Amino acid sequence: SQTIHQWPATLVQPVGSPLSLECTVEGTSNPNLYWYRQAAGRGLQLLFYSVGIGQISSEVPQNLSASRPQDRQFILSSKKLLLSDSGFYLCAWSAQGAGYTFGSGTRLTVV
Amino acid sequence: GENVEQHPSTLSVQEGDSAVIKCTYSDSASNYFPWYKQELGKRPQLIIDIRSNVGEKKDQRIAVTLNKTAKHFSLHITETQPEDSAVYFCAASKSTNAGKSTFGDGTTLTVKP
């Protein structure tokens, strides 16, 4: 069966520090991968998606970036965090035309 | 791009009553409509979905209906229980668009015992 791992679960980072969140999927090949952000009490905003290794599409201009160095690995990064980057970050995967399976999420607080 | 609106934003019902959450979408090419349940502090989980070639789908106490002409779809929960309390999100996507889903803003459902 397919599983998705996301880490870390929580993170407190100072403004201006770098960020690296990692997500890996097991039990499937060539999944569609996504990074979403959820602000407190709000909906889910798509940040990046990827349909294959090295293929990244950005939905929202910001100081975040994403990379997919391997088929089942998706990384969200920032060189310098802003206060506004705080939120709940969710990685997800899907097969084409199917629903999402979300990772357990990373709660990021920028102080 | 796609825009999904979800109503109501909060819903409170008595245990045993029914709950209905409605969503509208803007892109007539959208053809896949999932619903997710998110309990406090946890990840959203897919609970039911419907494709554009189907008008209604049911799974035990939950059902989803789709009106393609009006571009709206709804989640129906019957015989609600306290464990149904959560935030529910609707979403819309196109199979030709890398599976990207546009989400509604969520409905906080509270089931009072």
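So you know, we letter chains A, B, ... as the sequences are listed, proteins then strands, and number each from 1. Remember, predicted model here, so these are calculated numbers, not experimental data.
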Chemist: Using the rule that Ile, Leu, Val, Met, Phe, Trp and Tyr join whenever any side-chain heavy atoms are under 4.5 Å apart, tell me whether A:L76 and A:Y36 fall into a single cluster.
Modeler: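 A:L76 and A:Y36: separate clusters.
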
Chemist: Counting neighbours of CD on B:E83 that are heavy atoms of other residues, nucleotides or ligands and sit closer than 6.0 Å, is the number greater than 12?
Modeler: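 Count over threshold, so yes.
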
Chemist: Quick one: what part of A:Y100 sits under 4.5 Å from any heavy atom of chain B, side chain, backbone, both or neither?
Modeler: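 Both parts, backbone and side chain.
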
Chemist: So, taking the atom named OG1 in A:T101 and the one named CZ in B:R43, what distance separates them when rounded to the nearest 0.5 Å?
Modeler: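 So the OG1 of A:T101 and the CZ of B:R43 are separated by 9.0 Å.
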
Chemist: Compare every heavy atom of A:L90 with every heavy atom of B:P44, then report the nearest pair and how far apart it is.
Modeler: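 Heavy-atom minimum between the residues: CD-CD1, 3.8 Å.
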
Chemist: Answer yes if B:F89 and B:I21 sit in the same cluster of Ile, Leu, Val, Met, Phe, Trp and Tyr residues linked by side chain heavy atoms under 4.5 Å apart, and no otherwise.
Modeler: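 Looking at the clustering, B:I21 is in a separate group from B:F89.
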
Chemist: Would you indicate whether B:L40, at its atom CG, is surrounded by more than 12 heavy atoms from other residues, nucleotides or ligands within a distance under 6.0 Å?
Modeler: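 It does not: B:L40 CG has 12 such atoms or fewer within range.
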
Chemist: Do A:L11 and A:Y89 land in one hydrophobic cluster if side-chain heavy atoms of ILVMFWY residues count as linked below 4.5 Å?
Modeler: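 Yes, same cluster.
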
Chemist: Sort by residue number and list every member of residues 102-109 of chain B having a non-hydrogen atom under 4.5 Å from chain A.
Modeler: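 So the qualifying residues are B:F103, B:G104, B:D105.
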
Chemist: Take atom CD in A:Q73; do more than 12 heavy atoms of anything else shown fall under 6.0 Å from it?
Modeler: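 More than 12 heavy atoms, drawn from other residues, nucleotides or ligands, come within 6.0 Å of this atom.
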
Chemist: Tell me whether A:L44 shares a hydrophobic cluster with A:F88, the cluster being built from Ile, Leu, Val, Met, Phe, Trp, Tyr side chains joined at under 4.5 Å.
Modeler: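 Shared cluster, yes.
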
Chemist: Considering only heavy atoms, which portion of A:Q45 lies under 4.5 Å from any heavy atom of chain B: side chain, backbone, both, or neither?
Modeler: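 The answer is neither part of A:Q45.
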
Chemist: If I measure from the heavy atoms of chain A, does B:Q6 come under 4.5 Å with its side chain, its backbone, both, or neither?
Modeler: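 When you check distances to chain A, no heavy atom of B:Q6 falls under 4.5 Å.
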
Chemist: Please say yes or no: joined through hydrophobic side-chain contacts below 4.5 Å, possibly via intermediate residues, are B:I47 and B:F33 part of one cluster?
Modeler: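 The answer is yes; both residues are in one hydrophobic cluster.
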
Chemist: Checking A:L46 against chain B: side chain, backbone, both or neither under 4.5 Å from a heavy atom?
Modeler: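 For A:L46, side-chain heavy atoms alone lie under 4.5 Å from chain B.
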
